Number of protein chains: 2
Amino acid sequence: MGVKERKLRQKEEVRCQILTAAWDIVEDEGWNALSMRRIADKIEYSAPIIYGHFENKEALLMEFTRQGHIKLLQLVKEAKERFEDPAQQLEAMWMAYWDFAFENTPYYQLMFGVEMGCCEWKANEIPEVAEGRKVIDGVLQQLIASSKNPDADSCLKFYSLWSVVHGLISINLTRRMYDERAFREDGHGDLNQAILKDAISGIINRIKE
Amino acid sequence: MGVKERKLRQKEEVRCQILTAAWDIVEDEGWNALSMRRIADKIEYSAPIIYGHFENKEALLMEFTRQGHIKLLQLVKEAKERFEDPAQQLEAMWMAYWDFAFENTPYYQLMFGVEMGCCEWKANEIPEVAEGRKVIDGVLQQLIASSKNPDADSCLKFYSLWSVVHGLISINLTRRMYDERAFREDGHGDLNQAILKDAISGIINRIKE
DNA sequence: TAAAAAAGTTAACACCGTTAGCAAAACTAC
DNA sequence: GTAGTTTTGCTAACGGTGTTAACTTTTTTA
């Protein structure tokens with residue numbers, strides 16, 4: 001009697017509906033517009049049923065955080081595989097990170113608390129985070145090992161790179177650039193690309209010495 | 001009959017009470033705990049009177065944003081005046097920016113949308129923002145002019161520096177560092193200082209060539 | 001002292017996340 | 001097939017949010 005299986009399938013269906021409904025709202029109107037009641041409206045249920053699938057709103061956001069990190073990791077890995085040279089790999093990976101932020105802005109905001117509160121997670125809750133760090137750090141260590149200064153700290157360089165990329169992304173997403181003329185059109189403008197490439201290649205060249 | 005003057009003084013007094021009450025709440029419990037009703041409770045008025053002093057909550061936050069930028073500008077200017085050498089000035093200014101972020105975290109969060117939504121402002125609404133940019137850019141141009149590569153773009157370098165500093169601050173404030181051991185104690189740890197100094201001096205040295 | 005203006009109140013609206021209690025449907029066992 | 005049990009989903013409610021309207025009280029003016 002596959003009644004249990006069917007019920008499980010149905011429940012999974014509703015869970016999926018909740019997530020897609022939520023995502024539709026967020027993509028259309030941003031995180032501020034997302035509420036339990038609006039999700040319920042969209043899937044034609046009453047609000048409390050959501051709590052049968054997610055403990056609370058935080059848990060729902062956590063699921064999206066997870067999704068975001070999985071997607072980001074995949075893109076970063078793909079970027080790496082397009083090259084053999086560690087320096088090229090590194091640049092491609094951070095460019096992939098950059099592109100992810102602007103092609104999946106709601107994800108990025110949630111994952112890194114840009115213009116919104118983001119949920120806290122323990123280290124083991126999203127293994128993709130640690131894996132992403134390891135992938136980048138591996139390339140970084142390769143680059144350092146073959147450089148003229150093989151004792152450099154990969155951790156230091158990692159955070160330098162991450163900071164400059166995340167910082168520039170944040171500044172763009174909050175639209176807090178000082179020189180508005182230069183950034184007028186969109187967040188992918190030439191000046192941004194120039195800054196990014198200059199900063200990244202600057203750090204990479206300093207590693208290679 | 002100085003009744004109008006007295007009334008104006010009293011109104012100003014209440015406005016001030018609102019601001020300090022709000023700030024007390026934010027410092028104690030963070031931005032999420034700030035609500036119009038809680039402010040009203042604290043100043044022993046009913047909530048609607050706040051709307052006689054600020055058009056809405058956004059306007060109240062705007063006032064704090066302004067305050068933050070004024071304070072930040074002052075600290076950056078003071079840092080500059082402690083040195084003569086442009087390179088030293090630059091480093092000191094960004095260190096002042098860094099210190100400001102951790103000694104006035106609520107301000108910083110509000111001003112730059114870290115872990116919360118920040119209010120939008122037009123360029124002329126907070127003149128201190130443009131002035132701060134000009135102060136830093138001036139030093140940057142001095143440094144570039146006396147370098148071996150005097151055609152470098154100061155705008156590019158400004159955003160590189162700002163991005164790396166703001167990025168590292170954001171990462172610290174959202175506690176999203178990958179390597180938790182290294183950041184265990186506080187946000188001013190040794191690793192942070194190392195990353196910051198390495199990144200900043202890296203960019204500065206690359207300017208000087 | 002009466003009229004006008006100002007100040008401050010309460011109550012309400014439309015939301016929010018979340019929980020308790022209840023009705024209806026679905027399934028199980030006889 | 002029906003009785004009893006479980007599951008499902010609902011409405012209503014609680015305590016909170018920002019904000020506005022209407023009313024009352026105080027203060028100032030004439």
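Computed from a predicted structure; not experimentally measured. In what follows, chains carry the letters A, B, and so on, assigned in the order in which the sequence lines appear, proteins first and then strands, with residues in each chain numbered from 1.
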Please list, by residue number, the residues of residues 42-57 of chain B whose heavy atoms come closer than 4.0 Å to an atom of DNA chain C; answer none if no residue qualifies.
B/Y45, B/S46, B/P48, B/I49

Can you measure A/R15 atom CZ to D/dG9 atom C1' for me and round it to whole angstrom units?
19 Å

Is any side-chain nitrogen or oxygen of A/S35 closer than 4.0 Å to OP1 or OP2 of C/dG17?
yes

Decide yes or no for B/W31 and B/F64: does some side-chain heavy atom of the first lie under 4.5 Å from some side-chain heavy atom of the second?
yes

Is there a side-chain contact between B/Y97 and B/L75, using heavy atoms and a 4.5 Å cut-off?
no

Please, which pairs that meet salt bridge (charged side-chain N to carboxylate O under 4.0 Å, His left out) have at least one residue in residues 38-62 of chain B, sequence neighbours excluded?
B/E29-B/R38

Report yes if the side chains of B/R206 and B/I203 come closer than 4.5 Å at any heavy-atom pair, otherwise no.
no

Aromatic plane relationship, B/F158 with B/W94 - under 30° parallel, 30 to 60° tilted, over 60° perpendicular
tilted

Rounded to the nearest Å, what distance is computed from the NZ atom of residue A/K11 to the P atom of nucleotide D/dT6?
17 Å

Write down the distance between CD1 (B/I25) and P (D/dG18), rounded to a whole number of angstrom.
10 Å

What class does the angle between the rings of A/H166 and A/Y108 fall in, given that below 30° is parallel, 30 to 60° is tilted and above 60° is perpendicular?
tilted

Touch class at under 4.0 angstrom, heavy-atom based, for A/I39 against every strand present
nothing

Are the side chains of B/M111 and B/H69 in touch, meaning some heavy atoms are under 4.5 Å apart?
yes

Is there a donor N/O on one and an acceptor N/O on the other, under 3.5 Å, for the side chain of B/R37 and the base of D/dG18?
yes

Rounded off to whole Å, could you give me the CZ-to-C1' distance for the A/R38 and C/dG17 pair?
16 Å

Enclosure of A/N32 CG (heavy-atom neighbours >12, cutoff 6.0 Å)
no

In whole Å, I'd like the distance from the CE atom of A/M36 to the C1' atom of D/dT17.
17 Å

Will you find, in the side chains of B/Q141 and B/D137, an N or O donor that is under 3.5 Å from an N or O acceptor?
yes

Rounding to a whole Å, what distance do you find between A/L34:CG and D/dT17:C1'?
17 Å

Protein-nucleotide distance (A/Q10, atom CD; C/dA25, atom P), rounded to Å:
16 Å

Just to be sure I understand the geometry, which residues of residues 59-67 of chain A put a non-hydrogen atom under 4.0 Å away from DNA chain D?
none

